[in-house]
A.B. asks: 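Questions regarding the structure given below will be posed in turn.
Each chain gets a letter, A, B and so on, in the order its sequence line appears, and its residues count up from 1.
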Protein chains: 2
Amino acid sequence: MSKTLSIGVLAKHTGVNIETIRFYEKQGILPVPSRSSSGRRLYGGEDLKRLSFIHQCRKLGFSLKEVESLINLVDSGDYTCEQVHEITAAHAKEVKQKIKSLTKMESVLDGMVEQCSRGKVPDCPIIDSLYGD
Amino acid sequence: MSKTLSIGVLAKHTGVNIETIRFYEKQGILPVPSRSSSGRRLYGGEDLKRLSFIHQCRKLGFSLKEVESLINLVDSGDYTCEQVHEITAAHAKEVKQKIKSLTKMESVLDGMVEQCSRGKVPDCPIIDSLYGD
DNA sequence: GTTGCATCTGTAGTTACTACAGCATTCATA
DNA sequence: TATGAATGCTGTAGTAACTACAGATGCAAC
């Protein structure tokens with residue numbers, strides 16, 4: 001395996017911040033890379049793949065803990081599709097709940113904004129509804 | 001003004017955690033209350049109103065900074081409805097963006113979950129799509 | 001030789017709380 | 001009146017997932 005990628009190049013290829021890459025390493029979610037003679041990190045294709053995976057998962061809203069579970073499963077070699085499904089379905093459920101909660105907020109906010117006359121007077125239905133007597 | 005409410009009573013009336021009330025005080029978002037002879041916090045009706053306001057705002061997803069802005073406006077005495085509208089509309093926009101982003105995640109996740117056979121075999125389309133070669 | 005970029009380590013800051021530890025006080029009850 | 005439970009106090013540390021430095025080092029190019 002040739003490990004030739006600097007952290008900067010890895011960052012550019014994956015779209016992950018340099019500091020974030022080091023952070024992932026410290027968190028144990030990205031393996032400790034080898035180093036050049038002067039102590040700089042050197043990455044290979046496997047690292048690139050793994051970091052991309054982490055990035056994809058993060059974009060889908062998985063927590064780092066969930067990502068770690070997923071990685072551990074894959075690394076273990078004998079994971080089942082069922083196990084992956086469980087983690088993903090649980091996360092999908094959380095996302096749905098968040099959407100639901102935000103949608104409720106949205107409708108209240110929209111209602112308030114609409115009621116508001118945007119006038120120059122210090123009499124605002126938004127404040128009235130929140131700061132009521 | 002009679003200030004007779006203990007922090008525990010205030011917490012129960014508003015649904016806000018005791019530690020959170022103290023936290024709000026430290027953040028300067030809730031005024032420093034008077035104290036009993038033994039040093040315990042004493043709250044009045046105005047505090048109750050303000051804490052409820054903060055709580056309502058938080059439930060609508062406003063950040064503490066936004067809540068502070070809102071409170072400062074009201075406290076200043078000569079705020080306009082326009083100013084309140086601006087803060088609220090900006091927040092509503094943020095909420096909409098969050099919903100949009102989460103909805104995208106949701107559809108990808110749902111697609112993955114659906115594709116997954118939930119089988120007992122170590123071959124999972126979820127992993128394949130994320131951890132691709 | 002010096003300029004400038006990339007990288008290094010380590011620490012602190014962000015948001016909005018929550019969870020103690022260890023102590024003081026107050027209240028209800030025996 | 002004694003005592004045990006409940007309440008409150010301060011102050012600190014932990015949570016999630018980074019981000020933003022500061023200050024040092026390395027390396028290639030001109």
A.B. asks: Would you mind reading off the distance between B:L10 atom CG and D:dT7 atom C1', rounded to a whole angstrom?
C.D. replies: 15 Å

A.B. asks: Taking atom P of D:dG8 as reference, at what distance in whole Å does atom CD of B:E25 sit?
C.D. replies: 14 Å

A.B. asks: Nearest whole angstrom, please: distance from the P of D:dC18 to the NZ of A:K59.
C.D. replies: 13 Å

A.B. asks: Does B:S129 use its side chain to pair, donor to acceptor, with the backbone of B:P125 at less than 3.5 Å?
C.D. replies: yes

A.B. asks: Indicate whether OP1 or OP2 belonging to D:dC18 is found under 4.0 Å from a side-chain N or O atom of A:N17.
C.D. replies: no

A.B. asks: Using whole Å, what does the distance between atom C1' of nucleotide C:dA16 and atom CD1 of B:I21 come to?
C.D. replies: 15 Å

A.B. asks: Hey, is the main chain of B:L60 close enough, under 3.5 Å, to the side chain of B:H91 for a donor-acceptor pair?
C.D. replies: yes

A.B. asks: Give a yes or no answer on whether the side chain of B:E66 reaches the backbone of B:S63 with a donor-acceptor pair at less than 3.5 Å.
C.D. replies: yes

A.B. asks: Side chains of B:I29 and B:I54: closer than 4.5 Å at any heavy-atom pair?
C.D. replies: yes

A.B. asks: To the nearest Å, give me how far apart NE2 (A:H55) and P (D:dC18) are.
C.D. replies: 10 Å

A.B. asks: When you measure from the side-chain N and O atoms of A:S6 to the phosphate of C:dA6, is any distance below 4.0 Å, counting only OP1 and OP2?
C.D. replies: no

A.B. asks: Report yes if a side-chain nitrogen or oxygen of B:Y24 is closer than 4.0 Å to either non-bridging phosphate oxygen (OP1 or OP2) of C:dC17; otherwise report no.
C.D. replies: yes

A.B. asks: Between B:F23 (CZ) and C:dA16 (C1'), how many Å, whole number?
C.D. replies: 5 Å

A.B. asks: Looking at side-chain heavy atoms only, is the closest gap between B:P33 and B:E25 below 4.5 Å?
C.D. replies: yes

A.B. asks: With respect to the phosphate group of C:dT15, does any side-chain polar atom (N or O) of B:S63 fall under 4.0 Å of OP1 or OP2?
C.D. replies: no

A.B. asks: Using a strict cut-off of less than 4.0 Å between a Lys/Arg side-chain nitrogen and an Asp/Glu carboxylate oxygen, indicate whether A:R50 and A:D75 qualify as a salt bridge.
C.D. replies: yes

A.B. asks: Strictly distance-based, threshold 3.5 Å: is any side-chain N or O of B:H13 a donor or acceptor partner for the main-chain N or O of B:V9?
C.D. replies: yes

A.B. asks: Rounded to whole Å, please give me the gap between OH in B:Y43 and P in D:dT7.
C.D. replies: 16 Å

A.B. asks: Atom pairs, N/O to N/O, protein against nucleotides 9-13 of chain D, distance under 3.5 Å?
C.D. replies:
| residue | atom | partner | partner atom | Å |
| --- | --- | --- | --- | --- |
| D:dC9 | OP1 | B:R41 | N | 2.7 |
| D:dC9 | OP1 | B:R41 | NH1 | 3.1 |
| D:dC9 | OP2 | B:R22 | NH1 | 2.8 |
| D:dC9 | OP2 | B:R41 | NH1 | 3.3 |
| D:dC9 | O5' | B:R41 | NH1 | 3.3 |
| D:dC9 | O3' | B:R35 | NH1 | 3.3 |
| D:dT10 | OP1 | B:R35 | NH1 | 3.3 |
| D:dT10 | OP1 | B:R35 | NH2 | 2.9 |
| D:dT10 | OP2 | B:R41 | NH1 | 3.0 |
| D:dT10 | OP2 | B:R41 | NH2 | 2.8 |

A.B. asks: Specify the separation, in whole Å, of atom CD of A:E68 and atom P of D:dC18.
C.D. replies: 13 Å

